[in-house]
Novice: 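Next up is a structure, given as structure tokens.
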Amino acid sequence: MGENGSDNGDPAMTGNVEKDVYILRLERDTGCFEAFLSFVSAQSLKPDDLTHLTGKDDNKHYNELINPEKRKEFLAGRKAIKKALETMGFSDSDDIEVHRGVFGYPLLKGLVKDLPEVSVAHSSGLAAVLVFPAGQQMALDLEIIRVDRVSRIKAIRSVLTVDELRRIDDDQDMAAIPLYTLWSQKEALSKALKCGLTIPFPLLETMDPVYHGDWSEVHFRNFFQYRAITVLPGRNYALSLAMPRKTRINNIKEIAAI
Ligand SMILES: CC(C)(COP(=O)(O)OP(=O)(O)OC[C@H]1O[C@@H](n2cnc3c(N)ncnc32)[C@H](O)[C@@H]1OP(=O)(O)O)[C@@H](O)C(=O)NCCC(=O)NCCS
């Protein structure tokens with residue numbers, strides 16, 4: 001969700017989540033594969049962390065960003081992509097660049113074979129990136145959980161369906177985690193579909209949530225092919241991963257502990 005007045009990667013907010021690249025061990029009936037989750041805070045950017053990786057159209061997008069905090073978040077996202085690609089074994093010499101697809105989604109281009117796909121999200125100065133094998137239809141969204149942002153909470157409530165609202169506790173403070181969780185699940189699905197939030201909100205309705213303590217999962221009424229899994233990095237962010245319904249994360253406990 002876009003934000004004004006970003007906290008710009010306050011270490012108290014971003015915690016230690018950006019330390020590592022986390023490997024998701026995924027499985028489908030057809031076999032196992034890995035996806036790579038990495039975080040970079042705008043705060044940790046160094047002067048030489050400039051627009052490496054950015055292709056021409058991506059660089060144009062960067063140059064059009066006016067808000068300095070948005071610019072830093074963008075760069076943090078590119079650094080997070082680089083971190084994930086390095087962990088996967090790609091190097092600078094592979095000349096991989098980030099481009100933008102027709103609807104604004106990030107697209108990796110390069111001469112190497114089997115280029116993965118990528119999904120990007122930022123919230124309050126922290127960028128999160130998921131790099132996954134092409135064709136696996138995944139995406140992520142990240143939301144800082146702020147109980148004090150009353151207008152945000154109202155905005156989220158305003159797009160929920162009657163059934164979703166019924167599931168949320170009426171107490172706004174208590175309901176903050178489920179509200180941000182719901183929002184991030186919808187936004188993650190919208191990114192997996194590559195259209196973003198240009199589609200009517202009721203189409204992104206969630207159903208059948210299941211809570212497993214430190215992580216939760218949900219299905220989608222109108223997109224039965226997908227589900228979303230949500231974890232709470234640093235206990236102050238909601239991170240949702242949208243993926244095909246039958247894709248399993250075998251090390252979800254490890255990811256939920258971030
Ligand atoms: C995609 C969208 C939901 C992102 O929400 P947001 O609040 O701006 O911000 P987030 O931090 O969660 O995500 C931003 C990232 O989403 C990605 N993104 C943008 N459009 C996307 C799309 N259509 N599908 C998937 N991902 C997309 C980008 O990688 C972006 O990060 P980057 O600019 O650093 O590369 C929102 O921008 C949107 O609805 N866009 C609609 C698409 C659109 O208007 N396209 C214009 C051309 S038709």
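Just so you know, ligand 1 is whichever comes first in the structure, and atom 1 is the first atom listed for that ligand.
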Novice: Which label fits F223 and Y226: parallel for a plane angle under 30°, tilted from 30 to 60°, or perpendicular past 60°?
Specialist: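 Rings of F223 and Y226: perpendicular, over 60°.
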Novice: Are more than 12 heavy atoms, taken from residues, nucleotides or ligands other than F103, located less than 6.0 Å from that residue's CZ atom?
Specialist: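 At most 12 heavy atoms, drawn from other residues, nucleotides or ligands, come within 6.0 Å of this atom.
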Novice: Decide whether an N or O pair under 3.5 Å exists between V102 and ligand 1.
Specialist: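 V102 vs ligand 1: no N/O contact under 3.5 Å.
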Novice: Would you mind listing which atoms of ligand 1 come within a distance below 4.0 Å of any non-hydrogen atom of V120?
Specialist: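 Those of ligand 1 that fall under 4.0 Å from V120 are 13 (O), 14 (C), 15 (C), 16 (O), 29 (O), 31 (O), 34 (O).
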Novice: Strictly distance-based, threshold 3.5 Å: is any side-chain N or O of K191 a donor or acceptor partner for the main-chain N or O of V120?
Specialist: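 Side chain of K191 to backbone of V120, a donor-acceptor pair under 3.5 Å: yes, one is there.
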Novice: Report yes or no: does C195 have a heavy atom closer than 4.0 Å to ligand 1?
Specialist: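 C195: in contact with ligand 1 (<4.0 Å).
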Novice: Is there a polar contact between ligand 1 and K194, counting only N or O atoms under 3.5 Å apart?
Specialist: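 Yes - when backbone and side-chain N and O of K194 are compared with those of ligand 1, one distance drops under 3.5 Å.
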Novice: Under 3.5 Å between some N or O of ligand 1 and some N or O of E143?
Specialist: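 E143 vs ligand 1: no N/O contact under 3.5 Å.
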Novice: One residue to check: D141. Relative to ligand 1, which of side chain, backbone, both or neither has a non-hydrogen atom less than 4.0 Å away?
Specialist: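 It is the side chain that gets close, since no backbone atom is under 4.0 Å.
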Novice: With only distance considered, is L197 within less than 3.5 Å of ligand 1 through an N or O on each side?
Specialist: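 Yes; the residue has a nitrogen or oxygen that sits under 3.5 Å from a nitrogen or oxygen of the ligand.
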Novice: Could you tell me how the ring of H61 sits relative to the ring of F74: parallel (under 30°), tilted (30 to 60°) or perpendicular (over 60°)?
Specialist: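 Ring orientation of H61 relative to F74: tilted.
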Novice: Under 3.5 Å, is there a donor on one side chain and an acceptor on the other for T206 and E164?
Specialist: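 Per modelled atom types, T206 and E164 side chains form a pair under 3.5 Å.
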Novice: Give yes or no for whether the N/O distance cutoff of 3.5 Å, strictly under, is met between D58 and ligand 1.
Specialist: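 No, D58 has no N/O under 3.5 Å of an N/O on ligand 1.
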Novice: Which atoms of ligand 1 sit under 4.0 Å from any heavy atom of G104?
Specialist: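 In order of numbering, the contacting atoms are 18 (N), 19 (C), 20 (N), 21 (C), 28 (C).
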Novice: Looking at ligand 1, is there an atom of it that comes within less than 4.0 Å of some heavy atom belonging to E73?
Specialist: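 E73 does not count as a contact of ligand 1 under the 4.0 Å cut-off.
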Novice: Is the side chain of R227 donor-acceptor paired with the backbone N or O of E217 at a distance under 3.5 Å, no angle test?
Specialist: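 No, R227 side chain to E217 backbone: no donor-acceptor pair under 3.5 Å.
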Novice: Could you check whether atom NZ of K194 has more than 12 heavy atoms from other residues, nucleotides or ligands sitting under 6.0 Å from it?
Specialist: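 More than 12 heavy atoms, drawn from other residues, nucleotides or ligands, come within 6.0 Å of this atom.
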